2 protein chains.
Amino acid sequence: MSHPTAPLDARHLRPAGRATRAAIEEAGRRLFGSHTYEEVSVRAIAAEAGVDPAMVIRHFGSKEALYLRSIDTSLGVGAVIDGPVETLGRRIIAYFLDQRDSPIGKRHAGLVQASYRQQVRAELNRHTRVRFVDAIAPRLAADDAELRVALMVAQLGGFLTMLFVQQDPLITDADPDQVIVLYGDSLQRLITG
Amino acid sequence: MSHPTAPLDARHLRPAGRATRAAIEEAGRRLFGSHTYEEVSVRAIAAEAGVDPAMVIRHFGSKEALYLRSIDTSLGVGAVIDGPVETLGRRIIAYFLDQRDSPIGKRHAGLVQASYRQQVRAELNRHTRVRFVDAIAPRLAADDAELRVALMVAQLGGFLTMLFVQQDPLITDADPDQVIVLYGDSLQRLITG
DNA sequence: CGGCATGTGTCAACGTCGTTGACTCTCTCG
DNA sequence: CGAGAGAGTCAACGACGTTGACACATGCCG
(Lines give C-alpha, C1' and ligand atoms only; values in the text may rest on other atoms or scores of the structure.)
Protein backbone atom coordinates (compact mmCIF):
# COMPACT_ATOMS: atom_id res chain seq x y z
CA MET A 1 0.00 0.00 0.00
CA SER A 2 2.15 2.80 1.29
CA HIS A 3 5.15 1.11 -0.21
CA PRO A 4 5.36 -1.36 -3.09
CA THR A 5 6.81 -4.06 -0.84
CA ALA A 6 6.14 -2.82 2.66
CA PRO A 7 5.80 -5.65 5.18
CA LEU A 8 4.67 -3.21 7.86
CA ASP A 9 1.76 -5.51 8.49
CA ALA A 10 3.25 -8.42 10.37
CA ARG A 11 0.51 -10.86 9.39
CA HIS A 12 1.60 -11.68 5.83
CA LEU A 13 5.21 -12.23 6.63
CA ARG A 14 7.15 -15.13 5.28
CA PRO A 15 9.54 -17.04 7.54
CA ALA A 16 12.59 -15.11 6.36
CA GLY A 17 10.87 -11.79 6.93
CA ARG A 18 9.68 -12.89 10.32
CA ALA A 19 13.21 -13.78 11.33
CA THR A 20 14.63 -10.50 10.09
CA ARG A 21 11.93 -8.56 11.82
CA ALA A 22 12.54 -10.37 15.07
CA ALA A 23 16.29 -9.81 14.81
CA ILE A 24 15.77 -6.08 14.30
CA GLU A 25 13.35 -5.80 17.17
CA GLU A 26 15.66 -7.69 19.47
CA ALA A 27 18.64 -5.56 18.43
CA GLY A 28 16.58 -2.45 19.07
CA ARG A 29 15.51 -3.69 22.46
CA ARG A 30 19.12 -4.43 23.35
CA LEU A 31 20.51 -1.09 22.18
CA PHE A 32 17.65 1.11 23.37
CA GLY A 33 17.85 -0.63 26.71
CA SER A 34 21.41 0.46 27.33
CA HIS A 35 21.70 3.71 25.36
CA THR A 36 19.58 6.80 24.93
CA TYR A 37 17.38 7.43 21.92
CA GLU A 38 19.80 9.64 20.05
CA GLU A 39 22.80 7.52 20.86
CA VAL A 40 21.26 4.64 18.95
CA SER A 41 21.34 5.03 15.18
CA VAL A 42 19.28 3.08 12.71
CA ARG A 43 22.51 1.97 11.09
CA ALA A 44 23.77 0.65 14.43
CA ILE A 45 20.58 -1.34 14.98
CA ALA A 46 20.90 -2.77 11.49
CA ALA A 47 24.52 -3.72 12.08
CA GLU A 48 23.64 -5.35 15.42
CA ALA A 49 20.95 -7.35 13.68
CA GLY A 50 23.18 -8.16 10.68
CA VAL A 51 20.79 -6.51 8.30
CA ASP A 52 20.56 -3.63 5.84
CA PRO A 53 19.55 -0.29 7.41
CA ALA A 54 16.72 0.03 4.94
CA MET A 55 15.15 -3.11 6.42
CA VAL A 56 14.75 -1.37 9.77
CA ILE A 57 12.57 1.30 8.22
CA ARG A 58 10.77 -1.16 5.97
CA HIS A 59 9.76 -3.39 8.84
CA PHE A 60 8.83 -0.76 11.39
CA GLY A 61 8.22 2.43 9.44
CA SER A 62 10.58 4.63 11.39
CA LYS A 63 13.16 4.65 14.13
CA GLU A 64 10.60 6.12 16.50
CA ALA A 65 8.11 3.32 15.80
CA LEU A 66 10.74 0.70 16.54
CA TYR A 67 11.65 2.54 19.73
CA LEU A 68 8.05 2.43 20.85
CA ARG A 69 7.88 -1.31 20.27
CA SER A 70 11.14 -1.73 22.16
CA ILE A 71 9.99 -0.07 25.34
CA ASP A 72 6.38 -1.03 25.75
CA THR A 73 7.15 -4.28 27.51
CA SER A 74 10.15 -3.05 29.43
CA LEU A 75 8.73 -0.19 31.40
CA GLY A 76 7.67 -2.14 34.44
CA VAL A 77 8.37 -0.99 37.95
CA GLY A 78 8.33 -4.54 39.09
CA ALA A 79 6.16 -5.93 41.82
CA VAL A 80 6.63 -2.91 44.08
CA ILE A 81 3.23 -1.57 43.16
CA ASP A 82 1.46 -4.73 44.22
CA GLY A 83 2.49 -4.28 47.85
CA PRO A 84 0.38 -2.43 50.40
CA VAL A 85 -0.40 1.13 49.37
CA GLU A 86 0.18 2.35 52.88
CA THR A 87 3.94 1.89 52.48
CA LEU A 88 4.24 2.38 48.71
CA GLY A 89 6.10 5.69 48.96
CA ARG A 90 9.17 4.49 50.76
CA ARG A 91 9.19 1.15 48.98
CA ILE A 92 9.19 2.64 45.49
CA ILE A 93 11.98 5.10 46.28
CA ALA A 94 14.02 2.36 47.90
CA TYR A 95 13.43 0.19 44.86
CA PHE A 96 14.82 2.73 42.41
CA LEU A 97 17.70 3.77 44.65
CA ASP A 98 18.63 0.12 44.66
CA GLN A 99 18.60 0.06 40.85
CA ARG A 100 21.11 2.87 40.55
CA ASP A 101 23.57 0.82 38.54
CA SER A 102 21.09 -1.26 36.59
CA PRO A 103 20.05 -0.60 32.98
CA ILE A 104 16.86 0.97 34.29
CA GLY A 105 18.69 4.26 34.62
CA LYS A 106 19.76 4.33 31.01
CA ARG A 107 16.29 3.34 29.96
CA HIS A 108 14.74 6.16 31.92
CA ALA A 109 17.26 8.60 30.49
CA GLY A 110 16.37 7.40 27.02
CA LEU A 111 12.70 7.93 27.74
CA VAL A 112 13.27 11.44 29.00
CA GLN A 113 15.27 12.27 25.94
CA ALA A 114 12.72 10.81 23.56
CA SER A 115 9.69 12.20 25.34
CA TYR A 116 9.55 15.30 23.21
CA ARG A 117 8.23 13.11 20.41
CA GLN A 118 4.50 13.03 20.37
CA GLN A 119 4.06 9.29 19.98
CA VAL A 120 6.46 8.60 22.81
CA ARG A 121 4.55 10.99 25.02
CA ALA A 122 1.29 9.26 24.14
CA GLU A 123 2.77 5.89 25.01
CA LEU A 124 4.10 7.21 28.31
CA ASN A 125 0.75 8.69 29.21
CA ARG A 126 -0.89 5.40 28.40
CA HIS A 127 1.67 3.68 30.58
CA THR A 128 0.98 6.06 33.45
CA ARG A 129 -2.69 5.26 33.23
CA VAL A 130 -2.60 1.48 33.02
CA ARG A 131 0.43 0.75 35.17
CA PHE A 132 -0.11 3.35 37.87
CA VAL A 133 -3.50 5.00 37.92
CA ASP A 134 -5.56 1.93 37.15
CA ALA A 135 -3.40 -0.16 39.46
CA ILE A 136 -3.35 2.13 42.46
CA ALA A 137 -6.29 4.53 42.41
CA PRO A 138 -8.95 1.85 43.04
CA ARG A 139 -7.17 0.94 46.26
CA LEU A 140 -7.37 4.47 47.61
CA ALA A 141 -10.20 5.93 49.59
CA ALA A 142 -10.06 9.52 48.34
CA ASP A 143 -12.47 10.60 45.62
CA ASP A 144 -9.67 12.47 43.84
CA ALA A 145 -7.64 9.28 43.80
CA GLU A 146 -6.84 9.40 40.09
CA LEU A 147 -5.39 12.88 40.26
CA ARG A 148 -3.42 11.97 43.35
CA VAL A 149 -1.84 9.01 41.60
CA ALA A 150 -1.08 11.06 38.48
CA LEU A 151 0.63 13.66 40.65
CA MET A 152 2.52 10.91 42.42
CA VAL A 153 3.79 9.71 39.06
CA ALA A 154 4.93 13.25 38.30
CA GLN A 155 6.75 13.41 41.60
CA LEU A 156 8.29 10.01 41.04
CA GLY A 157 9.37 11.02 37.55
CA GLY A 158 11.12 14.07 38.93
CA PHE A 159 13.07 11.89 41.30
CA LEU A 160 14.06 9.41 38.61
CA THR A 161 15.21 12.20 36.32
CA MET A 162 17.36 13.69 39.07
CA LEU A 163 18.75 10.29 39.92
CA PHE A 164 19.40 8.87 36.47
CA VAL A 165 19.65 11.83 34.08
CA GLN A 166 20.50 14.96 35.95
CA GLN A 167 22.52 13.18 38.62
CA ASP A 168 22.63 16.14 40.94
CA PRO A 169 25.32 15.31 43.50
CA LEU A 170 23.15 16.79 46.23
CA ILE A 171 20.90 13.80 45.75
CA THR A 172 23.16 11.08 44.40
CA ASP A 173 25.67 11.62 47.19
CA ALA A 174 23.06 11.88 49.94
CA ASP A 175 22.37 9.17 52.47
CA PRO A 176 19.92 6.80 50.73
CA ASP A 177 17.99 6.13 53.92
CA GLN A 178 17.44 9.81 54.43
CA VAL A 179 16.20 10.18 50.85
CA ILE A 180 13.87 7.22 51.27
CA VAL A 181 12.32 8.74 54.36
CA LEU A 182 12.03 12.30 53.07
CA TYR A 183 10.92 11.69 49.51
CA GLY A 184 9.17 8.40 50.16
CA ASP A 185 6.98 9.92 52.84
CA SER A 186 6.30 12.88 50.60
CA LEU A 187 5.10 10.52 47.88
CA GLN A 188 3.08 8.65 50.45
CA ARG A 189 1.25 11.70 51.73
CA LEU A 190 0.29 12.56 48.16
CA ILE A 191 -1.75 9.38 47.77
CA THR A 192 -2.80 8.60 51.34
CA GLY A 193 -2.98 11.44 53.72
CA MET B 1 45.03 28.89 18.91
CA SER B 2 42.62 26.09 18.16
CA HIS B 3 41.80 27.73 14.87
CA PRO B 4 43.81 30.14 12.73
CA THR B 5 41.15 32.81 13.00
CA ALA B 6 39.05 31.69 15.93
CA PRO B 7 37.45 34.61 17.79
CA LEU B 8 36.26 32.31 20.58
CA ASP B 9 37.84 34.70 23.00
CA ALA B 10 35.53 37.68 23.10
CA ARG B 11 38.19 40.10 24.31
CA HIS B 12 40.07 40.78 21.07
CA LEU B 13 36.99 41.31 18.95
CA ARG B 14 36.73 44.12 16.48
CA PRO B 15 33.44 46.02 16.19
CA ALA B 16 32.22 43.96 13.25
CA GLY B 17 32.90 40.73 15.07
CA ARG B 18 31.26 42.02 18.20
CA ALA B 19 28.11 42.87 16.26
CA THR B 20 27.99 39.49 14.52
CA ARG B 21 28.56 37.70 17.79
CA ALA B 22 25.77 39.64 19.44
CA ALA B 23 23.40 38.98 16.54
CA ILE B 24 24.06 35.25 16.75
CA GLU B 25 23.59 35.15 20.50
CA GLU B 26 20.35 37.09 20.28
CA ALA B 27 19.07 34.86 17.48
CA GLY B 28 19.95 31.82 19.57
CA ARG B 29 18.19 33.23 22.60
CA ARG B 30 15.11 33.90 20.51
CA LEU B 31 14.98 30.50 18.85
CA PHE B 32 15.99 28.41 21.86
CA GLY B 33 13.41 30.31 23.88
CA SER B 34 10.54 29.18 21.72
CA HIS B 35 11.73 25.85 20.34
CA THR B 36 13.42 22.78 21.75
CA TYR B 37 17.11 22.06 21.36
CA GLU B 38 16.82 19.72 18.43
CA GLU B 39 14.23 21.80 16.65
CA VAL B 40 16.73 24.63 16.36
CA SER B 41 19.44 24.08 13.77
CA VAL B 42 22.68 25.97 13.55
CA ARG B 43 21.71 26.95 10.03
CA ALA B 44 18.42 28.38 11.28
CA ILE B 45 20.21 30.44 13.90
CA ALA B 46 22.59 31.73 11.25
CA ALA B 47 19.71 32.62 8.94
CA GLU B 48 17.89 34.41 11.76
CA ALA B 49 21.04 36.38 12.47
CA GLY B 50 21.73 37.01 8.77
CA VAL B 51 25.07 35.29 8.98
CA ASP B 52 26.99 32.33 7.63
CA PRO B 53 26.44 29.08 9.59
CA ALA B 54 30.18 28.72 10.01
CA MET B 55 30.21 31.95 12.01
CA VAL B 56 28.01 30.38 14.66
CA ILE B 57 30.55 27.68 15.35
CA ARG B 58 33.46 30.07 15.00
CA HIS B 59 32.11 32.46 17.58
CA PHE B 60 30.82 29.98 20.12
CA GLY B 61 32.61 26.71 19.43
CA SER B 62 29.52 24.54 19.12
CA LYS B 63 25.76 24.59 19.08
CA GLU B 64 25.72 23.30 22.63
CA ALA B 65 27.96 26.10 23.86
CA LEU B 66 25.69 28.68 22.30
CA TYR B 67 22.71 26.96 23.87
CA LEU B 68 24.33 27.21 27.28
CA ARG B 69 24.94 30.92 26.83
CA SER B 70 21.33 31.33 25.69
CA ILE B 71 19.76 29.82 28.77
CA ASP B 72 21.93 30.85 31.67
CA THR B 73 20.18 34.18 32.10
CA SER B 74 16.72 32.98 31.28
CA LEU B 75 16.16 30.24 33.78
CA GLY B 76 14.65 32.36 36.53
CA VAL B 77 11.58 31.33 38.40
CA GLY B 78 10.78 34.93 39.04
CA ALA B 79 10.30 36.48 42.45
CA VAL B 80 8.23 33.58 43.75
CA ILE B 81 11.18 32.25 45.69
CA ASP B 82 11.64 35.50 47.56
CA GLY B 83 8.28 35.22 49.28
CA PRO B 84 7.77 33.52 52.65
CA VAL B 85 9.00 29.92 52.69
CA GLU B 86 6.00 28.87 54.70
CA THR B 87 3.76 29.21 51.62
CA LEU B 88 6.31 28.57 48.89
CA GLY B 89 4.83 25.23 47.85
CA ARG B 90 1.44 26.43 46.75
CA ARG B 91 2.80 29.68 45.35
CA ILE B 92 5.34 28.06 43.08
CA ILE B 93 2.84 25.57 41.68
CA ALA B 94 0.32 28.35 41.13
CA TYR B 95 3.00 30.38 39.41
CA PHE B 96 3.82 27.71 36.86
CA LEU B 97 0.21 26.71 36.30
CA ASP B 98 -0.35 30.33 35.44
CA GLN B 99 2.47 30.23 32.90
CA ARG B 100 0.95 27.35 30.98
CA ASP B 101 0.82 29.27 27.70
CA SER B 102 3.97 31.32 28.15
CA PRO B 103 7.32 30.51 26.50
CA ILE B 104 8.49 29.08 29.81
CA GLY B 105 6.92 25.79 28.85
CA LYS B 106 8.86 25.51 25.62
CA ARG B 107 12.01 26.52 27.42
CA HIS B 108 11.55 23.83 30.02
CA ALA B 109 10.84 21.28 27.31
CA GLY B 110 14.03 22.32 25.57
CA LEU B 111 15.97 21.92 28.78
CA VAL B 112 14.60 18.46 29.38
CA GLN B 113 15.47 17.44 25.87
CA ALA B 114 18.99 18.86 26.09
CA SER B 115 19.68 17.60 29.58
CA TYR B 116 21.30 14.41 28.40
CA ARG B 117 24.29 16.52 27.37
CA GLN B 118 26.84 16.64 30.08
CA GLN B 119 27.51 20.37 29.97
CA VAL B 120 23.81 21.14 30.09
CA ARG B 121 23.43 18.88 33.09
CA ALA B 122 26.31 20.64 34.81
CA GLU B 123 24.73 24.00 34.17
CA LEU B 124 21.37 22.82 35.47
CA ASN B 125 22.94 21.43 38.62
CA ARG B 126 24.71 24.73 39.13
CA HIS B 127 21.41 26.48 38.64
CA THR B 128 19.71 24.25 41.19
CA ARG B 129 22.37 25.11 43.70
CA VAL B 130 22.55 28.89 43.34
CA ARG B 131 18.94 29.64 42.51
CA PHE B 132 17.24 27.19 44.83
CA VAL B 133 19.44 25.59 47.44
CA ASP B 134 21.47 28.68 48.30
CA ALA B 135 18.36 30.82 48.18
CA ILE B 136 16.07 28.67 50.27
CA ALA B 137 18.04 26.33 52.50
CA PRO B 138 19.42 29.10 54.78
CA ARG B 139 15.87 30.12 55.58
CA LEU B 140 14.92 26.67 56.79
CA ALA B 141 15.36 25.35 60.29
CA ALA B 142 16.09 21.71 59.52
CA ASP B 143 19.70 20.55 59.51
CA ASP B 144 19.09 18.55 56.34
CA ALA B 145 17.81 21.69 54.67
CA GLU B 146 20.00 21.37 51.57
CA LEU B 147 18.85 17.86 50.80
CA ARG B 148 15.25 18.87 51.38
CA VAL B 149 15.54 21.73 48.89
CA ALA B 150 17.28 19.52 46.34
CA LEU B 151 14.47 16.99 46.66
CA MET B 152 11.96 19.78 46.33
CA VAL B 153 13.61 20.80 43.06
CA ALA B 154 13.33 17.21 41.89
CA GLN B 155 9.66 17.17 42.78
CA LEU B 156 9.10 20.52 41.10
CA GLY B 157 10.93 19.31 37.98
CA GLY B 158 8.65 16.30 37.78
CA PHE B 159 5.64 18.56 37.83
CA LEU B 160 7.02 20.89 35.17
CA THR B 161 7.86 17.97 32.92
CA MET B 162 4.36 16.57 33.26
CA LEU B 163 2.86 19.99 32.65
CA PHE B 164 5.01 21.21 29.77
CA VAL B 165 6.53 18.16 28.12
CA GLN B 166 4.50 15.10 28.90
CA GLN B 167 1.22 16.95 29.13
CA ASP B 168 -0.63 14.09 30.74
CA PRO B 169 -4.32 14.98 30.44
CA LEU B 170 -4.89 13.64 33.95
CA ILE B 171 -2.97 16.68 35.15
CA THR B 172 -3.44 19.30 32.44
CA ASP B 173 -7.21 18.82 32.50
CA ALA B 174 -7.48 18.74 36.27
CA ASP B 175 -8.84 21.58 38.38
CA PRO B 176 -5.86 23.90 38.90
CA ASP B 177 -6.89 24.76 42.44
CA GLN B 178 -6.97 21.12 43.36
CA VAL B 179 -3.50 20.62 41.88
CA ILE B 180 -2.18 23.63 43.74
CA VAL B 181 -3.42 22.28 47.05
CA LEU B 182 -2.37 18.69 46.55
CA TYR B 183 1.02 19.16 44.94
CA GLY B 184 1.80 22.50 46.52
CA ASP B 185 1.26 21.16 50.01
CA SER B 186 3.31 18.12 49.14
CA LEU B 187 6.19 20.37 48.09
CA GLN B 188 5.69 22.40 51.22
CA ARG B 189 5.93 19.43 53.57
CA LEU B 190 9.17 18.44 51.93
CA ILE B 191 10.92 21.62 53.03
CA THR B 192 9.03 22.59 56.18
CA GLY B 193 7.35 19.89 58.13
C1' DC C 1 3.19 -27.29 -12.99
C1' DG C 2 4.00 -22.48 -14.65
C1' DG C 3 3.49 -17.85 -13.95
C1' DC C 4 2.64 -13.87 -11.52
C1' DA C 5 1.97 -11.19 -7.61
C1' DT C 6 4.12 -10.20 -3.56
C1' DG C 7 7.60 -10.66 0.05
C1' DT C 8 12.56 -9.89 0.76
C1' DG C 9 16.91 -7.85 0.18
C1' DT C 10 20.63 -4.68 -1.83
C1' DC C 11 22.42 -0.39 -3.11
C1' DA C 12 22.82 4.24 -4.00
C1' DA C 13 21.07 8.35 -3.14
C1' DC C 14 18.40 12.35 -1.00
C1' DG C 15 18.19 16.12 2.17
C1' DT C 16 19.38 17.29 6.69
C1' DC C 17 22.49 17.88 10.49
C1' DG C 18 26.91 19.89 13.21
C1' DT C 19 31.34 20.99 12.10
C1' DT C 20 35.85 21.98 9.61
C1' DG C 21 39.29 23.62 6.32
C1' DA C 22 40.86 26.47 2.65
C1' DC C 23 40.71 30.68 0.97
C1' DT C 24 40.04 35.78 0.60
C1' DC C 25 39.39 40.32 2.28
C1' DT C 26 39.96 43.98 5.72
C1' DC C 27 41.38 46.24 9.59
C1' DT C 28 44.74 47.37 13.18
C1' DC C 29 49.07 47.96 15.16
C1' DG C 30 54.09 48.28 15.29
C1' DC D 1 53.73 50.62 4.94
C1' DG D 2 53.77 45.91 5.75
C1' DA D 3 52.77 42.02 8.65
C1' DG D 4 49.63 39.61 11.30
C1' DA D 5 45.25 38.66 13.01
C1' DG D 6 40.16 39.37 12.82
C1' DA D 7 36.25 38.58 9.81
C1' DG D 8 33.69 36.32 6.33
C1' DT D 9 32.60 33.03 2.32
C1' DC D 10 32.12 28.67 0.40
C1' DA D 11 32.45 23.96 -0.29
C1' DA D 12 32.92 19.93 1.76
C1' DC D 13 33.10 16.11 5.38
C1' DG D 14 30.93 12.33 7.76
C1' DA D 15 26.89 11.11 10.12
C1' DC D 16 21.94 10.92 10.40
C1' DG D 17 16.84 9.05 9.04
C1' DT D 18 14.60 7.86 5.11
C1' DT D 19 13.31 6.65 0.19
C1' DG D 20 13.38 4.85 -4.47
C1' DA D 21 14.90 1.80 -8.03
C1' DC D 22 16.06 -2.46 -8.85
C1' DA D 23 16.98 -7.71 -8.46
C1' DC D 24 15.93 -11.99 -6.44
C1' DA D 25 13.12 -15.49 -4.11
C1' DT D 26 9.01 -17.55 -2.58
C1' DG D 27 4.37 -19.04 -2.21
C1' DC D 28 -0.47 -19.10 -3.94
C1' DC D 29 -3.79 -19.89 -7.97
C1' DG D 30 -5.34 -21.25 -12.17
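All chains are named by letter (A, B, ...) in the order of the sequence lines, taking the proteins before the strands, and each is independently numbered beginning at 1. Remember, predicted model here, so these are calculated numbers, not experimental data.
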Practice task
Please state how far atom CZ in Arg18(A) lies from atom P in dG9(C), giving the value in whole angstrom units.
Solution key: 13 Å

Handout entry: Heavy-atom donor-acceptor pair, Thr128(B) side chain to Leu124(B) backbone, under 3.5 Å
Key = yes

Exercise for the section: Take the protein atom CZ of Phe60(B) and the nucleotide atom P of dG8(D), then report the distance between them rounded to whole Å. Expected result: 12 Å

Practice task
Using only heavy-atom distances, decide whether a donor-acceptor pair under 3.5 angstrom links the side-chain of Arg14(A) to the base of dT8(C).
Solution key: no

Problem - Pi-cation contact, Tyr37(B) with Arg117(B) (under 6.0 Å, within 45°) - result: no

Completion exercise
dist Ile136(A):CD1 -> Arg131(A):CZ (nearest 0.5 Å) comes out at 12.0 Å

Practice task
Keeping the roles fixed (side chain from Arg121(A), backbone from Val165(B)), state whether a donor-acceptor pair exists under 3.5 Å.
Solution key: yes

Handout entry: Spatial distance of atom CD (Glu25(B)) from atom CD1 (Ile45(B)) [nearest 0.5 Å]
Key = 11.0 Å

Practice task
Produce a footprint string for nucleotides 10-18 of chain C: one letter per nucleotide, 5' end first; B if the base is under 4.0 Å from any protein heavy atom, S if only the sugar-phosphate is, - if neither.
Solution key: BB-B---BB

Exercise for the section: In whole angstrom, give the distance that lies between atom CD1 of Ile45(B) and atom C1' of dT19(C). Expected result: 13 Å

Problem - Whole-Å distance separating the NE2 atom of His59(B) from the P atom of dA5(D) - result: 17 Å

Handout entry: Within 45° cone and under 6.0 Å: Arg21(B) NZ/CZ vs Phe60(B) ring
Key = yes

